[in-house]
Amino acid sequence: MMHLPVPRIEAAQFNDLDPRQYILIKGARVNNLKNIDVAIPRNKLVVITGLSGSGKSSLAFDTLFAEGQRMYVESLSSYARQFLGRMEKPEVEYIKGISPAIAIEQKVNTRNPRSTVGTSTEIYDYLKLLFARIGQTYSPVSGELVKKDSVTDVVNYLLEQEEGTRVMILAPLLIRDGRSQREELTILLSKGYTRIVLNDEVVAIEDILENSDQYSQAGNRIFILIDRAAIKHDDEDTQYRLSDSVQTAFFEGEGLCIVRIVNGITKTFSDKFELDGITFEEPTVNLFSFNNPYGACKRCEGFGKVLGIDPDLIFPDKNLSVYEGAIAPWRTEKMNEWLVPLVRNGMKFDFPIHRPYKDLTPAQKELLWTGNQYFQGINAFIAELESQTYKIQYRVMLSRFRGRTTCPDCRGSRLRKDASYVKVGNASITDLVLMPIRDVSTFFKKLELGEHDRDVARRVLTEIENRLDYMIRVGLGYLTLNRLTNSLSGGEFQRIKLATSLGSALVGSMYILDEPSIGLHPRDTQRLVGVLQSLRDLGNTVIVVEHEEEVMHAADQIIDIGPEAGTGGGHVVFQGNWEDISELKNSDYINSDDSDVKSHTLDFLLGNDSISVPTIRRKSLHFLEIKGARENNLKELNVKIPLNALTVVTGVSGSGKSTLIRKILYPALMRLKGEFSEEVGRFDDLSGDLDRIEAVEMIDQNPIGKSSRSNPVTYIKAYDYIRQMMADLPLSKARSYKPSHFSFNVDGGRCEICQGEGQVKIEMQFMADIYLTCEGCNGKRFKQEIQEIRYQEKDVAEILDMTVDDAIEFFQTKEPKLAEKLMPLQEVGLGYVRLGQSSNTLSGGEAQRVKLASFLGKGSSNKGKMLFIFDEPTTGLHFHDIKKLLKAINALVEQGDTVIIIEHNMEIIKNADWILDLGPEGGDGGGYLTFAGTPEEMLKLENNYTAAFLKDKV
């Protein structure tokens with residue numbers, strides 16, 4: 001037998017290794033791991049790779065992270081530890097040298113309508129704290145700084161006067177509780193006050209009371225004389241006296257204190273937070289929280305959208321001019337009277353009535369809404385309609401132009417309007433959340449603060465700048481903090497979680513990452529590698545489960561698990577660095593057929609195996625055409641998509657791929673077919689051979705079921721066959737068992753202790769709940785008597801525990817129909833998945849491939865008229881498995897269906913019949929169609945990111 005020419009750690013040496021330098025895993029047997037010994041160097045970047053289902057996640061998450069988590073719980077309170085005896089320890093002889101573990105797994109995008117990029121990354125929490133601590137409020141009327149005066153402010157002002165200056169401290173006389181002026185003065189006298197200032201003259205209160213007729217003139221200005229003093233700079237008694245008097249003046253004047261210098265200068269101080277007749281809210285954390293009723297915008301209640309007049313419905317065709325009828329509600333004969341003044345008088349204020357609406361300046365567009373002295377604008381028109389809603393025709397007209405629009409009060413930021421009056425460095429929190437993250441980062445780098453504010457905010461600013469930096473480095477600088485997380489692509493959401501975890505910048509920890517390159521264009525993968533390396537350089541062990549070649553190149557060590565998936569995997573087939581792999585090029589390995597040492601990973605890296613380029617590209621005579629797509633960052637895109645072909649939509653992260661396909665094409669087609677869909681993004685027209693599409697299927701990475709009871713075998717409708725097969729056995733008939741007895745979803749045969757879950761949940765109050773194996777059925781889900789029913793020596797629980805590959809081999813001869821039903825799962829590369837595996841444990845990519853398998857399995861009554869949309873189907877796939885996936889996808893196209901794939905993987909892109917490339921950058925710099933054509937035509941492009949990487953693959 002040939003051995004790899006790579007240094008391997010022998011069993012005898014294993015025990016001699018230092019746990020301070022290695023994480024030592026001895027005898028790992030979790031899931032399909034075959035009693036393996038692995039020494040992972042500490043404080044290094046380590047990539048664990050191998051086929052999908054070979055055991056990578058079992059080693060990284062189910063062994064390493066599970067043990068790290070168990071050790072963490074062990075350090076907690078006795079209440080938490082009382083469950084430790086029942087918590088399952090990973091099946092491993094021992095693990096030494098383990099560090100505190102942080103796992104970033106693949107989880108499906110949140111659907112919370114209030115969750116934003118800012119809240120998900122915790123950046124917004126720090127922004128709230130920053131503005132609450134050092135934010136300054138400015139009046140929207142005068143633009144002046146709003147501040148309230150303290151006793152110290154007033155005393156400092158007084159002490160700035162020259163030595164010996166005589167001053168008076170006054171408070172306005174307030175008439176309270178319906179009293180008369182005489183009654184108020186009498187109360188003042190009883191409080192010990194003796195004088196007031198009446199029209200700039202000091203008068204004794206007793207004199208006024210005795211001669212009330214003489215002083216009771218309308219318009220009198222009356223102040224209470226709190227104190228008179230001469231300024232002495234170095235006299236503490238004078239300072240204490242002034243402070244006491246100012247405090248009294250604020251009390252009597254209900255927040256106002258008037259200081260009058262003998263030479264005639266008068267200054268009013270207020271301890272109220274007000275200016276220009278407006279009382280402002282003092283900055284607090286709650287003022288900037290849109291998830292709190294106190295801080296949420298009153299108009300949209302913190303959602304950022306309101307039901308209002310939709311500009312896209314008012315101006316449905318942006319190519320028309322005002323003269324040609326761009327303003328839709330003014331096209332009718334009756335409503336045309338609103339348009340006539342604008343058309344007749346446009347020359348008087350230089351308005352181009354013949355220019356297409358899309359070419360008008362922002363000021364000219366705004367003028368159409370506001371109007372001027374020559375014509376009434378759309379706002380006035382809408383107000384007129386709303387004032388006559390008792391007429392049904394006006395109600396109908398209004399409903400025609402209503403839609404969900406950005407809230408005008410908060411500009412979509414979800415915050416109450418007065419939160420935007422608080423500024424740090426001339427920017428409000430509203431301004432910052434609406435900027436791209438890269439611009440926010442630039443703002444903070446240039447921010448200049450006073451020494452006091454800098455000291456107060458130093459720690460908060462550090463956290464904000466670090467997190468913004470990580471967001472930019474993982475390729476998300478084009479997002480805004482206000483962007484809803486449910487509008488992000490799967491890859492963007494994964495990297496947000498990565499940036500959030502990295503932002504904490506812990507030292508001496510073990511980070512375990514699950515394919516962080518998901519959704520990244522190869523250009524952006526280079527940035528990601530830099531982030532992972534900097535995390536390692538801080539003093540952390542970074543373990544990455546990954547298939548991306550670029551990440552492997554950067555790794556200090558590569559561990560390849562295999563050689564196959566499922567029961568054929570679980571071995572360490574290679575461990576070494578990139579130099580070790582390079583040495584194999586000059587060895588006999590490249591030509592070896594020895595299955596004991598074959599590594600599919602090495603075969604692809606060394607060029608021994610590859611995914612070939614199709615010899616013929618399919619040509620289509622039929623197309624769909626989208627015109628004027630302008631949702632998010634799309635720039636009035638016009639796109640033609642061929643039917644009955646494989647189209648790949650690519651471009652750098654954030655270039656607009658998901659927006660074009662998921663936000664515009666998919667919901668627009670669903671509505672055309674009369675099916676309910678999400679809100680459709682903004683575009684002008686969808687045309688083409690629409691009659692050639694009878695059904696549309698979005699095959700994304702959302703779970704195949706929301707319940708833990710959902711699993712692959714139920715999703716592809718194969719479990720019905722298994723239950724009927726078990727019910728047809730002689731012992732089942734003797735006991736009168738029906739197919740339902742072999743279901744864990746209904747009463748009958750399922751374990752009643754765990755209700756067929758196989759696990760019981762232990763609530764840990766303030767900690768995450770713990771799931772423990774059910775003691776009643778030992779995790780089998782079924783009652784003992786049901787487990788006595790056996791087919792070919794296997795009970796129903798054991799059948800559900802089989803992998804797809806094993807089940808196909810098991811049923812091939814006796815139950816060929818069942819094997820045939822399971823074949824699609826094998827064809828899409830899921831042969832390693834267990835039949836009864838809970839959908840909760842499937843990654844996004846695996847869930848996506850289960851959906852694909854269900855379509856391959858049941859076929860289609862609309863063959864040749866289906867449109868399939870895939871969102872990054874290579875997620876979690878090894879090169880070897882991408883081959884299988886391409887075969888399955890091409891099978892759909894061969895039967896005449898249309899497939900559209902959003903993808904960055906060059907192996908998929910080079911197999912496309914047609915490529916649509918968006919860019920050239922992400923965010924504001926994207927949204928353009930940079931290329932449409934075949935891969936061969938794309939190779940001729942210069943200065944195109946996708947083309948540059950494609951050249952290495954074709």
Side-chain angles (χ1 to χ4, degrees), residues 45 47 49 475 491 515-530 532-533 544 546-555 558 560 577-586 590 599-617 646-653 655 657 872-886 889-890 901-922 930-954:
L45 174 57
V47 168
T49 188
E515 297 184 73
S517 68
I518 291 170
L520 274 182
H521 191 276
R523 182 201 71 165
D524 301 309
T525 304
Q526 296 168 346
R527 297 179 185 169
L528 174 69
V529 167
L532 297 175
Q533 288 173 331
V544 185
E546 188 58 88
H547 298 112
E548 180 61 45
E549 188 174 339
E550 185 101 22
V551 182
M552 293 187 209
H553 266 285
I558 299 168
D560 187 31
N577 54 32
W578 197 258
E579 287 72 26
D580 295 327
I581 294 175
S582 300
E583 289 178 17
L584 294 179
K585 289 182 180 179
N586 304 318
I590 209 160
S599 160
H600 290 293
T601 305
L602 295 181
D603 282 344
F604 273 90
L605 293 178
L606 296 171
N608 207 21
D609 194 1
S610 64
I611 296 173
S612 58
V613 178
T615 53
I616 300 173
R617 307 284 180 190
L646 172 57
T647 299
V648 176
V649 183
T650 187
V652 298
S653 309
S655 57
K657 305 180 298 298
E872 300 183 50
T874 61
T875 297
L877 280 186
H878 189 274
F879 310 108
H880 188 68
D881 299 306
I882 293 174
K883 252 187 174 180
K884 296 179 183 177
L885 177 71
L886 273 168
I889 288 174
N890 277 313
I901 305 178
I902 303 169
E903 189 56 86
H904 296 114
N905 186 283
M906 291 298 151
E907 305 293 348
I908 297 286
I909 295 171
K910 76 182 187 185
N911 274 273
D913 298 315
W914 195 254
I915 297 174
L916 297 174
D917 190 64
L918 272 60
E921 299 292 337
T930 58
F931 173 77
T934 65
E936 285 72 23
E937 292 167 344
M938 179 173 241
L939 294 176
K940 301 171 186 175
L941 292 182
E942 299 293 333
N943 301 320
N944 180 285
Y945 293 119
T946 306
F949 286 95
L950 187 61
K951 287 172 184 174
D952 296 333
K953 295 291 182 180
V954 177

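Numbers here are sequence positions counted from 1. Every heavy atom of this structure was used, including side-chain atoms; hydrogens, water molecules and symmetry mates were not.
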Does the side chain of [X] reach to within under 4.5 Å of the side chain of [Y], using non-hydrogen atoms?
{"X": "E921", "Y": "R523", "answer": "yes"}
{"X": "L602", "Y": "N608", "answer": "no"}
{"X": "L605", "Y": "E549", "answer": "yes"}
{"X": "D609", "Y": "K883", "answer": "yes"}
{"X": "P935", "Y": "I909", "answer": "no"}
{"X": "S517", "Y": "H904", "answer": "no"}

**Message:** Counting only heavy atoms from other residues, nucleotides and ligands, does the tally under 6.0 Å from CG of D952 exceed 12?
**Reply:**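 Yes, CG of D952 has more than 12 neighbouring heavy atoms, counting only those of other groups under 6.0 Å.
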In Å, rounded to the nearest 0.5 Å, how long is the span from [atom1] of [X] to [atom2] of [Y]?
{"X": "L45", "Y": "N577", "atom1": "CG", "atom2": "CG", "value": "12.0 Å"}
{"X": "N905", "Y": "K910", "atom1": "CG", "atom2": "NZ", "value": "9.0 Å"}
{"X": "T946", "Y": "M938", "atom1": "OG1", "atom2": "CE", "value": "4.5 Å"}
{"X": "F931", "Y": "L916", "atom1": "CZ", "atom2": "CG", "value": "9.0 Å"}
{"X": "I581", "Y": "I558", "atom1": "CD1", "atom2": "CD1", "value": "3.5 Å"}
{"X": "I611", "Y": "H880", "atom1": "CD1", "atom2": "NE2", "value": "10.0 Å"}

Verify, without hydrogens or angle tests, whether [X] (side chain) and [Y] (backbone) share a donor-acceptor contact under 3.5 angstrom.
{"X": "K657", "Y": "G651", "answer": "yes"}
{"X": "E550", "Y": "P522", "answer": "no"}
{"X": "T650", "Y": "D917", "answer": "no"}
{"X": "N911", "Y": "I908", "answer": "no"}

**Message:** Ignoring hydrogens and geometry beyond distance, is a side-chain donor-acceptor pair present between T601 and H878 at under 3.5 Å?
**Reply:**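 Looking only at side-chain atoms, H878 and T601 do form a donor-acceptor pair, the distance falling under 3.5 Å.
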**Asked** Do you see a donor-acceptor pair shorter than 3.5 Å between the side chains of E515 and T875?
**Response**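 No, no side-chain donor-acceptor contact under 3.5 Å.
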**Prompt:** ring-ring contact (aromatic ring centres under 6.0 Å, His included) with F879: which residues, sequence neighbours excluded?
**Reply:**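 In terms of ring-ring contact (aromatic ring centres under 6.0 Å, His included), with neighbours along the sequence ignored, F879 is linked to F604.
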Minimum heavy-atom distance [X]-[Y], with the two atoms named:
{"X": "S653", "Y": "D524", "value": "OG-OD2, 3.1 Å"}
{"X": "V544", "Y": "P516", "value": "CG1-CD, 3.5 Å"}
{"X": "F949", "Y": "H521", "value": "CD1-CE1, 4.1 Å"}
{"X": "P920", "Y": "V652", "value": "O-CG2, 3.7 Å"}
{"X": "L941", "Y": "A947", "value": "CB-CB, 4.0 Å"}
{"X": "P873", "Y": "I901", "value": "CD-CG2, 3.5 Å"}

**Asked** H547 and T49: side-chain contact (heavy atoms from CB on, under 4.5 Å), yes or no, with the steps?
**Response** CA-CA 6 Å; H547 298 112; T49 188; 4.0 Å; yes
